[in-house]
Amino acid sequence: MAYQIENTQQGEKYNTIFSKVPAAERRKRNSRSRLRKRILLGTYIVLLMLPIYWLLNMSLQTNSEILGSMTLWPQNLTFDNYIGIFTDSSWYMGYVNSILYVVMNMIITMLVALPAAYAFSRYKFIGDKHLFFWLLTNLMAPPAVFLLPYFQLYYSVGLFDTHIAVALAHCLFNIPLAIWILEGFMSSVPKEIDETAYIDGYSFPKFFVKIFIPMISSGIGVVLFFLFMFSWVELLLARTLTSTDAQPIGMIMTRTSTASGIDWGTLAAAGMLTIIPGILVVYFVRNHIAKGFALGRT
């Protein structure tokens with residue numbers, strides 16, 4: 001009781017002192033605080049965008065200008081680097097191959113992860129926690145560990161140098177991650193909703209598609225973001241499991257190094273083009289990502 005009285009007295013004393021501060025002084029302090037925050041935010045954005053701007057600057061220059069004096073903007077603006085990429089099938093097919101196996105991986109992963117995550121969130125069975133932990137251990141192993149088994153397996157069954165081979169290889173890492181994230185979102189949905197839908201005459205597939213999935217749309221958006229991010233930037237497995245027909249753009253970008261040197265302009269243009277799909281994905285799922293990072297396991 002004495003402790004509560006003492007805390008009350010201290011709070012009243014603080015409020016009294018704060019009330020004595022003039023309103024103009026408080027507004028001045030608040031404006032200074034907002035100014036500091038804006039300066040820090042502006043500095044962060046500048047440092048974040050500086051490498052991207054420099055990459056764009058290099059992509060619009062010739063190799064002689066890039067290797068010459070440093071310039072903040074192109075002195076001789078040229079689009080030859082981008083034209084060379086869009087007119088050379090070995091270049092633009094790299095983007096097509098990467099997008100194909102990324103989309104295939106996202107579809108396969110979601111088809112497997114959604115029912116699996118629902119089972120973990122709604123049912124209890126022997127060894128469920130051990131199985132759930134075992135799935136997460138796949139994320140702890142580096143992709144290089146699975147290079148030789150995947151290469152021998154796919155080569156023997158005729159899947160080597162195909163898009164589905166890379167998509168299935170990425171599932172080893174993406175499916176456990178998707179299950180882990182989705183299970184957190186599904187567990188936050190009350191089980192009474194499932195029972196109510198069953199009483200109302202909904203079959204399980206109809207309930208799952210029309211009612212349950214819209215309720216965890218934020219979690220699905222977060223999962224799609226992570227799936228795309230891993231498959232799009234992963235190069236080790238994609239490079240090992242492909243040779244000519246399904247080579248990703250990351251592998252083709254390594255060909256810019258020749259006996260005459262590195263084609264810096266083309267490499268910079270290719271780098272700029274690889275950023276665009278990621279920007280588009282973030283743009284379309286931005287609302288779900290904002291909600292998803294505030295909920296679930298992320």
Side-chain angles (χ1 to χ4, degrees), residues 101-160 162-191 193-194 204-205 207-209 212-213 215-242 248 281 285 288-289 291-298:
Y101 71 68
V102 167
V103 172
M104 293 172 66
N105 173 260
M106 294 170 68
I107 294 174
I108 296 172
T109 299
M110 293 305 298
L111 290 177
V112 175
L114 281 171
Y118 183 85
F120 279 113
S121 66
R122 288 297 189 263
Y123 303 108
K124 301 296 182 183
F125 50 89
I126 299 176
D128 55 348
K129 297 185 183 299
H130 299 286
L131 179 60
F132 193 74
F133 177 76
W134 176 78
L135 288 173
L136 294 179
T137 57
N138 291 334
L139 300 175
M140 304 177 188
V145 175
F146 303 98
L147 286 180
L148 184 58
Y150 270 134
F151 178 81
Q152 290 184 335
L153 176 63
Y154 289 156
Y155 193 81
S156 61
V157 299
L159 289 179
F160 179 74
T162 60
H163 303 98
I164 190 64
V166 183
L168 292 175
H170 288 175
C171 285
L172 179 66
F173 301 94
N174 283 342
I175 288 179
L177 178 64
I179 293 175
W180 184 63
I181 296 176
L182 289 173
E183 193 273 339
F185 284 91
M186 292 181 179
S187 297
S188 63
V189 178
K191 294 182 179 179
I193 294 179
D194 305 39
F204 178 77
F207 155 75
F208 194 77
V209 174
F212 197 75
I213 287 182
M215 297 182 69
I216 59 168
S217 58
S218 298
I220 294 176
V222 173
V223 170
L224 292 177
F225 168 75
F226 281 110
L227 296 182
F228 174 86
M229 185 174 63
F230 176 84
S231 292
W232 185 254
V233 303
E234 200 282 326
L235 182 60
L236 188 60
L237 289 172
R239 179 178 181 177
T240 305
L241 300 177
T242 59
V281 170
V285 300
H288 296 300
I289 292 176
K291 295 178 183 178
F293 278 115
L295 301 170
R297 297 187 180 275
T298 53

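Numbering starts at 1 and runs along the sequence shown.
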Discussion item. Test: side chain to side chain donor-acceptor pair (under 3.5 Å). Region: residues 142-159. Which pairs qualify, not counting sequence neighbours?
Written reply: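 Listed once each, the pairs would be none.
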Indicate the atoms forming the closest heavy-atom contact of [X] with [Y], along with that distance.
X: Ala169; Y: Leu241; value: CB-CD1, 3.6 Å
X: Phe146; Y: Ala141; value: CE1-CB, 3.8 Å
X: Ile108; Y: Cys171; value: CG2-SG, 3.7 Å
X: Met186; Y: Phe212; value: CG-CE2, 3.5 Å
X: Tyr101; Y: Glu234; value: OH-O, 4.2 Å
X: Ser187; Y: Ser121; value: OG-CB, 3.5 Å

Fill in: salt bridge (charged side-chain N to carboxylate O under 4.0 Å, His left out): pairs with one or both residues in residues 111-124, sequence neighbours excluded
Arg122-Asp194
Discussion item. Once salt bridge (charged side-chain N to carboxylate O under 4.0 Å, His left out) is applied, what residue pairs with a partner in residues 216-227 remain, sequence neighbours excluded?
Written reply: none
Worksheet item: What residues, two or more places apart in sequence or in another chain, satisfy ring pair (Phe, Tyr, Trp, His ring centres under 6.0 Å) together with Phe230?
Response: His170, Phe173
Worksheet item: Is the shortest heavy-atom distance from the side chain of Phe185 to the side chain of Val189 under 4.5 Å?
Response: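 Side chain of Phe185 against side chain of Val189, heavy atoms only: no contact under 4.5 Å found.
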Fill in: Result of checking Phe207, Tyr118, Phe208 against Ile213 for side-chain contact (heavy atoms from CB on, under 4.5 Å)
Phe208
Practice prompt. Give the ring-plane orientation class for Phe160 versus Phe151, where under 30° counts as parallel, over 60° as perpendicular and anything between as tilted.
Written response: perpendicular
Worksheet item: Side chains of Thr109 and Asn174: do they bring a donor and an acceptor to under 3.5 Å?
Response: no
Discussion item. Is it the case that over 12 heavy atoms from other parts of the model lie below 6.0 angstrom from the CZ atom of Phe133?
Written reply: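 Not more than 12 within 6.0 Å, no.
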List the residues meeting side chain to side chain contact (heavy atoms under 4.5 Å, CB included) with [X], not counting sequence neighbours, and say none if there are none.
X: Thr242; result: Asp161, Val166, Ala246, Gln247, Pro248
X: Leu147; result: Ala144, Leu236, Leu237, Thr240
X: Pro190; result: Glu192, Ile193
X: Met110; result: Leu114, Leu182, Ile220, Val223, Leu224, Leu227

Worksheet item: Hey, what do you get for CD1 (Ile126) to CG (Leu131), rounding to the nearest 0.5 Å?
Response: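 It comes to 12.5 Å.
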Discussion item. Once rounded to the nearest 0.5 Å, what's the spacing between atom CG of Leu177 and atom CG of Leu135?
Written reply: 11.5 Å
